[in-house]
Amino acid sequence: MRSVTYSMNVSLDGYIVGPDGGFDWTEPDPEVFRFWIDEIRDVGVHLMGRRLYETMLYWETADQDPSLGDAELEWAALWNPLPKVVFSTTLSAVQGRARLASGGLAEEIERLRAEPGEGDIAIGGATLAVQAADLDLIDEYRAVVYPVLVGGGIPFFPRSERRVDLELVETRTFNSGVLYLRHRVAR
């Protein structure tokens with residue numbers, strides 16, 4: 001069965017976006033960017049909310065930017081054909097290989113798990129991830145922790161009233177001080 005993973009950049013104090021709405025502190029160095037390129041290769045479909053979808057729209061046409069380097073072009077070549085499911089009550093249309101979710105989160109994940117296909121079902125964005133976590137649908141949490149304290153904003157783990165035991169699967173420390181933590185839900 002396809003795993004459901006939640007992966008995001010996060011500050012050491014636990015936020016994916018700072019109090020001012022910014023996330024410029026997550027700009028990856030070449031080593032971390034290579035890591036994200038390798039990670040996206042294992043994704044079969046990406047689920048996201050409106051905010052993340054709108055942020056990632058840049059990549060739909062980024063390959064036309066002559067100033068991009070080889071790594072950015074490689075990312076765009078992997079990201080663009082990747083199927084995406086967008087959960088939004090305000091968008092009426094989406095672009096590229098994205099489609100608006102036709103059902104609820106649990107129904108979409110159940111359908112995707114039942115379909116033949118390779119690769120993980122990735123969830124991006126804290127709001128969508130907390131919904132999936134509350135429904136016990138996340139199999140792995142993957143945090144790329146940046147050595148910065150932003151003091152508030154949107155948390156990686158929005159408050160939830162349930163305990164989830166995790167097993168450490170992998171860690172990696174990058175030369176920049178960024179730390180990757182991969183945990184599997186203990187079932």
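Note that the coordinates shown come from a computational prediction; the quantities given were computed from them, not determined experimentally.
Here the CG atom belonging to Leu181 is positioned 12.5 Å from the CZ atom belonging to Arg142, to the nearest 0.5 angstrom. Note: Leu82 CG to His46 NE2 = 7.0 Å, rounded to the nearest 0.5 Å.
More than 12 heavy atoms of other residues, nucleotides or ligands sit less than 6.0 Å from atom CZ of Phe156. More than 12 heavy atoms of other residues, nucleotides or ligands shown are found within 6.0 angstrom of CG on Asp38. For CD of Glu27, the number of neighbouring non-hydrogen atoms (other residues, nucleotides, ligands) closer than 6.0 Å is 12 at most. The neighbour count for Glu110 CD, taken as heavy atoms of other residues, nucleotides or ligands under 6.0 Å away, does not exceed 12.
Side-chain atoms of Tyr53 never come within 3.5 Å of backbone atoms of Val86 as a donor-acceptor pair (strictly under, hydrogens ignored). Between the side chain of Arg113 and the main chain of Arg2, a donor-acceptor pair closer than 3.5 Å is present. Using a distance-only test at 3.5 Å, with no hydrogens or angles considered, a donor-acceptor pair links the side chain of Lys84 to the main chain of Trp79. No donor-acceptor pair closer than 3.5 Å links the side chain of Asp120 to the backbone N or O of Val43. Of the possible donor and acceptor atoms, one in the side chain of Ser88 sits under 3.5 Å from a partner among the backbone N and O of Thr90. Using modelled atom types, no side-chain atom of Glu108 and backbone atom of Leu105 make a donor-acceptor pair closer than 3.5 Å. A distance-only check finds no donor-acceptor pair linking the side chain of Asp165 to the backbone of Val185 [under 3.5 Å].
Taking the six-membered ring for Trp and thresholds of 30 and 60 degrees, Phe157 and Tyr6 have ring planes more than 60 degrees apart, a perpendicular arrangement.
Using a 4.0 Å cut-off between charged side-chain N and carboxylate O, Glu167 and Arg187 make no salt bridge. Between Glu74 and Arg34, at least one side-chain N (NZ, or NE/NH1/NH2) sits under 4.0 Å from a carboxylate O, which counts as a salt bridge.
Between the side chains of Arg51 and Thr127, at least one donor N or O sits under 3.5 Å from an acceptor N or O. Defined by atom type and a distance below 3.5 Å, a donor-acceptor pair is missing between the side-chain atoms of Ser102 and Glu107.
Residues Leu73 and Tyr58 share a single hydrophobic cluster, defined by chaining ILVMFWY side chains whose heavy atoms lie under 4.5 Å apart.
Across Asp139, Leu137, Leu112, a single residue satisfies side-chain contact (heavy atoms from CB on, under 4.5 Å) together with Ile121, and that is Leu112.
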Could you walk me through whether Phe35 and Phe174 satisfy the ring pair (Phe, Tyr, Trp, His ring centres under 6.0 Å) test, starting with their C-alpha distance in whole Å, then the side-chain angles of each, then the deciding distance to 0.1 Å, before giving a yes or no?
CA-CA 10 Å; Phe35 166 82; Phe174 297 92; 5.5 Å; yes
